[in-house]
Amino acid sequence: MTITHLASPVTVNWGITARCNFVCSHCFSRLDQAPELSSEDARRVVDILADHSVMFLNYGTGEPLLRKDLFELTAYATAKGLKVTMNSNGSLIDEAAADRIRDAGFHGVGISIDSADPATHDAFRRMPGSFDKAVRAARLLRERGVPLSISSVICKINHTGFPELVSLARSFGAHTIDLHNFKCSGMGGLNKDQLDLSPDEWKAFYESAVPMRESVTDIDIAFDDPILSLLGAEDKAALVSGSVCGKLSLYVKPDGEITPCGFIPITIGHILRDDFGTMWESSPVLDHLRHKSATGKCSGCSKFSACLGGCTARALAVYGSLEAPDPHCWAEEAEK
Amino acid sequence: MMRPERNPAIVWRLEKKHYDEAWEAARNDEEDFDDKGVLTLMIKGGIHQLNLVGAEIWTRIDGTKDDAAIAAEMAELFGWEPGETVEAVRAFLEGIASRGWVTLS
């Protein structure tokens with residue numbers, strides 16, 4: 001049995017800063033350099049999320065370690081009961097930073113590595129030497145017992161090489177490798193033709209990756225993509241249909257504006273100026289995402305009740321519509 | 001006799017609004033009072049929910065109470081027959097132990 005949404009988000013993804021020392025080919029936020037909140041306001045954000053029993057607070061967007069008050073803010077959030085995680089490119093994690101990450105109480109850290117081949121990773125991240133720094137960060141974190149995951153954006157550069165990525169993540173002692181599907185937002189939109197896979201390529205990727213996820217037991221292979229329902233491989237314990245955005249999670253931009261997810265640039269309010277609970281319950285945009293209608297090839301599709309049209313962010317980026325079918329969807333009329 | 005301990009890797013929360021609604025339904029003798037998820041658990045990226053009865057058992061697991069102690073509290077809470085309640089609590093604990101949510105000693 002699925003529900004439309006929970007009483008408050010399970011996870012809030014927080015773009016704690018838009019500043020970054022990398023210029024990655026796929027970055028969704030590079031073109032939206034919002035100013036960041038002060039330390040005082042950042043603590044108010046934590047207070048609001050804790051008051052609403054949000055379970056996980058995940059820092060991302062720019063490079064979180066560029067924010068000077070990161071560790072103090074994290075200690076504040078963990079003391080409030082939030083499980084704080086972070087996505088980092090790893091370049092700023094030396095021994096001292098790894099110590100501070102451990103001491104601040106991070107629930108986990110995700111390090112971005114997009115290819116097991118150093119040159120390919122460095123080219124994608126547009127930063128020579130970034131692979132070696134990411135590997136160093138991963139090892140330093142594990143040496144200190146910080147729960148580690150490896151984050152990879154699946155796209156043209158790695159869609160057939162993901163088993164090597166899994167092996168690499170395993171060698172670090174990562175508990176999970178997150179295989180994120182490419183989103184054509186921001187820089188990703190500008191580089192879509194060079195990076196995004198065709199629907200048939202997405203199908204081939206998942207037809208390889210899903211069996212691997214089922215058979216590998218020493219590391220979790222995670223991917224969150226509503227179009228997996230096409231393979232009958234949707235999460236059996238899924239609480240909600242389709243994407244989790246606006247149903248189990250929200251995104252807070254560096255300046256405090258709230259959007260359903262980082263890839264859907266539709267502001268539904270401001271975390272410090274609007275009532276969080278009212279926004280979560282009553283936002284027309286969130287209501288729309290929770291009760292999508294089938295259009296185009298989704299009409300009459302037997303999978304629609306499970307996928308709700310797939311990823312709304314991708315549909316919006318490619319077709320300019322929240323209702324449009326997911327451009328990654330490989331289903332044809334005959335498969336309905 | 002078994003003493004359950006929660007898996008510390010599990011992050012969970014009570015869905016207060018849904019919990020209150022479920023209790024309201026239970027007090028009104030509505031048959032579907034335990035259909036709704038009132039406690040959310042996250043484990044290894046997966047998300048699960050417990051209904052009212054499951055949540056009341058889960059929140060009583062503190063590493064010190066055994067199955068009989070939890071069952072006694074549940075029987076009083078719901079007005080159930082104690083003997084049947086012990087069996088039901090044991091079955092629930094064994095079920096969530098098989099999922100790795102608790103260990104039984």
Side-chain angles (χ1 to χ4, degrees), chain A residues 1-12 49-58 78 80-85 105 107-108 110 147 149 151 174-180 213 216-225 234-241 244 247-249 277-278 280-281, chain B residues 5-27 30-63 91-103:
Chain A
M1 187 177 73
T2 60
I3 58 176
T4 58
H5 62 292
L6 287 175
S8 64
V10 167
T11 301
V12 166
L49 300 181
D51 286 347
H52 286 85
S53 302
V54 169
M55 298 161 87
F56 296 93
L57 176 58
N58 181 48
T78 56
K80 290 259 178 183
L82 288 157
K83 305 296 183 189
V84 181
T85 58
H107 188 69
S149 59
S151 290
H175 60 78
T176 299
I177 178 164
D178 288 299
L179 301 179
H180 301 286
R213 178 178 69 173
V216 169
T217 56
D218 58 347
I219 184 171
D220 286 339
I221 301 173
F223 27 76
D224 178 18
D225 193 331
E234 65 272 30
D235 185 353
K236 300 294 186 294
L239 279 184
V240 296
S241 298
V244 300
K247 302 163 194 164
L248 302 179
S249 65
T278 303
W280 177 254
E281 277 300 325
Chain B
E5 283 191 73
R6 291 188 200 124
N7 179 341
I10 292 180
V11 182
W12 60 276
R13 77 175 181 198
L14 199 64
E15 304 290 339
K16 186 71 171 59
K17 179 183 166 202
H18 297 160
Y19 173 81
D20 291 344
E21 289 171 354
W23 260 118
E24 181 70 17
R27 289 190 191 95
E30 294 174 24
E31 288 185 0
D32 60 352
F33 79 91
D34 58 354
D35 283 356
K36 180 173 277 191
V38 304
L39 188 144
T40 303
L41 307 101
M42 293 285 292
I43 179 166
K44 293 176 83 173
I47 185 165
H48 308 270
Q49 285 204 300
L50 296 177
N51 65 11
L52 182 62
V53 174
E56 292 293 2
I57 297 174
W58 179 264
T59 53
R60 282 168 171 73
I61 297 172
D62 61 3
F92 176 81
L93 292 175
E94 286 166 354
I96 60 175
S98 71
R99 292 174 168 224
W101 298 1
V102 293
T103 53

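First the proteins, then the strands, lettered A, B, ... as listed; each starts at 1. Only heavy atoms go into these numbers, but all of them, side chains included; no hydrogens, no water, no symmetry mates.
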- Task: Enter the distance from B:W12:CH2 to A:M55:CE here, rounded to the nearest 0.5 Å.
- Result: 9.0 Å
- Measure distances from A:V54 to the heavy atoms of chain B and classify the residue's part below 4.5 Å as side chain, backbone, both or neither. backbone
- Item | Name of the residue among B:E15, B:H18, B:E21 meeting side-chain hydrogen bond (donor to acceptor under 3.5 Å, both in side chains) with B:K36 | B:E21
- Message: Quick one: does any side-chain atom of B:R60 pair with a main-chain N or O of B:E56 as donor and acceptor, under 3.5 Å?
- Response: yes
- Can you tell which part of A:S8 gets under 4.5 Å to a heavy atom of chain B, answering side chain, backbone, both or neither? both
- Engaged part of A:H175 at the chain B interface, taking heavy atoms whose separation is under 4.5 Å: neither
- Heavy-atom contact with chain B under 4.5 Å, split by part of A:A222: neither
- Ignoring hydrogens and angles, tell me if any N or O in the side chain of A:D178 forms a donor-acceptor pair with the backbone of A:H180 under 3.5 Å. no
